[in-house]
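Down below is the structure, laid out as structure tokens.
Just so it is clear: chains get the letters A, B, ... in the order the sequence lines come, proteins before strands, and each one is counted from 1. Quantities reported herein were computed from a predicted structural model and do not represent experimental measurements.
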Amino acid sequence: ELKVEQNPLFLSMQEGKNYTIYCNYSTTSDRLYWYRQDPGKSLESLFVLLSNGAVKQEGRLMASLDTKARLSTLHITAAVHDLSATYFCAVGQGNQFYFGTGTSLTVIP
Amino acid sequence: GAVVSQHPSWVICKSGTSVKIECRSLDFQATTMFWYRQFPKQSLMLMATSNEGSKATYEQGVEKDKFLINHASLTLSTLTVTSAHPEDSSFYICSARGLAYEQYFGPGTRLTVT
């Protein structure tokens with residue numbers, strides 16, 4: 001069974017700082033997704049990464065994929081309070097998604 | 001864009017009763033839908049894959065007789081929690097498969113069993 005691990009699980013960072021969330025997965029896949037979840041809400045799609053070396057950026061968030069290392073990163077630049085949420089990566093295999101453990105991000109003013 | 005709705009958004013029921021949750025794809029047809037369960041501060045766990053016109057495929061450890069899934073049309077899948085107990089209280093999220101293996105997630109249903 002495909003396993004997906006994220007770290008850190010919890011992240012508290014000051015506004016204006018940079019940080020990276022890591023997503024490791026155990027078996028080969030060429031589809032990697034990043035989602036944001038606010039408390040009590042469903043998932044909001046952030047990025048879809050479909051090939052080795054893919055890099056996508058939206059605002060202060062940038063995601064990358066290294067399929068050889070089975071690693072994706074979500075980099076946060078100059079964090080702001082509005083980015084506080086839980087971030088999940090998910091790996092696609094066939095029809096199914098396998099979700100990571102989630103990273104709870106709190107941005108402190 | 002593709003929109004998936006769920007109904008109800010929240011429900012409270014008494015122990016021993018059954019609850020039905022609907023998942024609809026509003027502007028596209030979905031031959032495959034997925035049901036997830038999420039406990040507080042935990043990740044999403046896939047419960048079952050629902051295919052239109054055929055039986056659902058359940059993940060290991062999910063009781064198929066307790067969580068009944070019906071996917072009778074290309075836009076509707078239902079999850080019925082039978083004889084609900086407090087430990088079934090959770091956030092249930094459905095998703096519908098789109099093109100190129102994308103999944104579109106519904107807003108979720110919060111179930112509380114008293």
- Item | Note, A/Y33 side chain near B/E102 side chain (heavy atom, < 4.5 Å) | yes

- Query: Can you hop from B/L111 to A/L43 via hydrophobic side chains spaced under 4.5 Å?
  - Reply: no

- Among A/G102, A/S104, A/G94, which residue forms the greatest number of heavy-atom pairs with chain B at distances under 4.5 Å? A/G94

- Does A/L105 share a hydrophobic cluster with A/L74, counting links as ILVMFWY side-chain heavy atoms below 4.5 Å and allowing steps through other members? yes

- Item | Toward chain B, the part of A/F97 with a non-hydrogen atom under 4.5 Å | both

- Query: Do B/E59 and A/Q96 have side-chain N/O donor and acceptor atoms under 3.5 Å apart?
  - Reply: yes

- Query: At their closest point, which heavy atom of A/Y35 faces which heavy atom of B/Q103, and how far apart are they?
  - Reply: OH-O, 4.0 Å

- Note on the structure: Within residues 12-21 of chain B, the residues sitting under 4.5 Å from chain A by heavy atom, in sequence order, are none

- Message: With a sphere of 6.0 Å drawn around CD of A/Q57, does it hold more than 12 non-hydrogen atoms of other residues, nucleotides or ligands?
- Response: yes

Which pairs of donor and acceptor atoms, one on a side chain in residues 12-21 of chain A, lie under 3.5 Å apart (sequence neighbours left out)?
{"residue": "A/E15", "atom": "OE2", "partner": "A/H81", "partner atom": "N", "Å": "3.2"}
{"residue": "A/N18", "atom": "OD1", "partner": "A/A78", "partner atom": "N", "Å": "2.8"}
{"residue": "A/T20", "atom": "OG1", "partner": "A/H75", "partner atom": "ND1", "Å": "2.7"}

- Message: For residues A/F47 and A/Y87: do they belong to one hydrophobic cluster (side chain heavy atoms under 4.5 Å, members Ile, Leu, Val, Met, Phe, Trp, Tyr)?
- Response: yes

- Could you state the interatomic distance from CZ (B/F105) to CD (A/Q37), rounded to the nearest 0.5 Å? 10.0 Å

- Determine, using the 4.5 Å side-chain heavy-atom cutoff (strictly less than), whether A/W34 and A/V4 are members of one ILVMFWY cluster. yes

- OH/A/Y22: more than 12 non-hydrogen atoms of other groups inside 6.0 Å: no

- By residue number, those in residues 32-49 of chain B with heavy atoms under 4.5 Å from heavy atoms of chain A are B/T32, B/F34, B/Y36, B/Q38, B/Q42, B/S43, B/L44, B/L46, B/T49

- Task: Report yes or no: do B/F91 and B/L79 belong to one cluster of Ile/Leu/Val/Met/Phe/Trp/Tyr joined by side chain heavy-atom distances under 4.5 Å?
- Result: no

- Which pairs count as disulfide (SG to SG under 2.5 Å) when at least one residue sits in residues 68-109 of chain A, sequence neighbours excluded? A/C23-A/C89

- Note on the structure: Answer key: most heavy-atom pairs under 4.5 Å with chain B among A/P39, A/G100, A/A90, A/G92 is A/G100

- Message: Can a donor-acceptor pair be found, under 3.5 Å and without considering hydrogens, that links the side chain of A/S42 to the backbone of B/G106?
- Response: yes

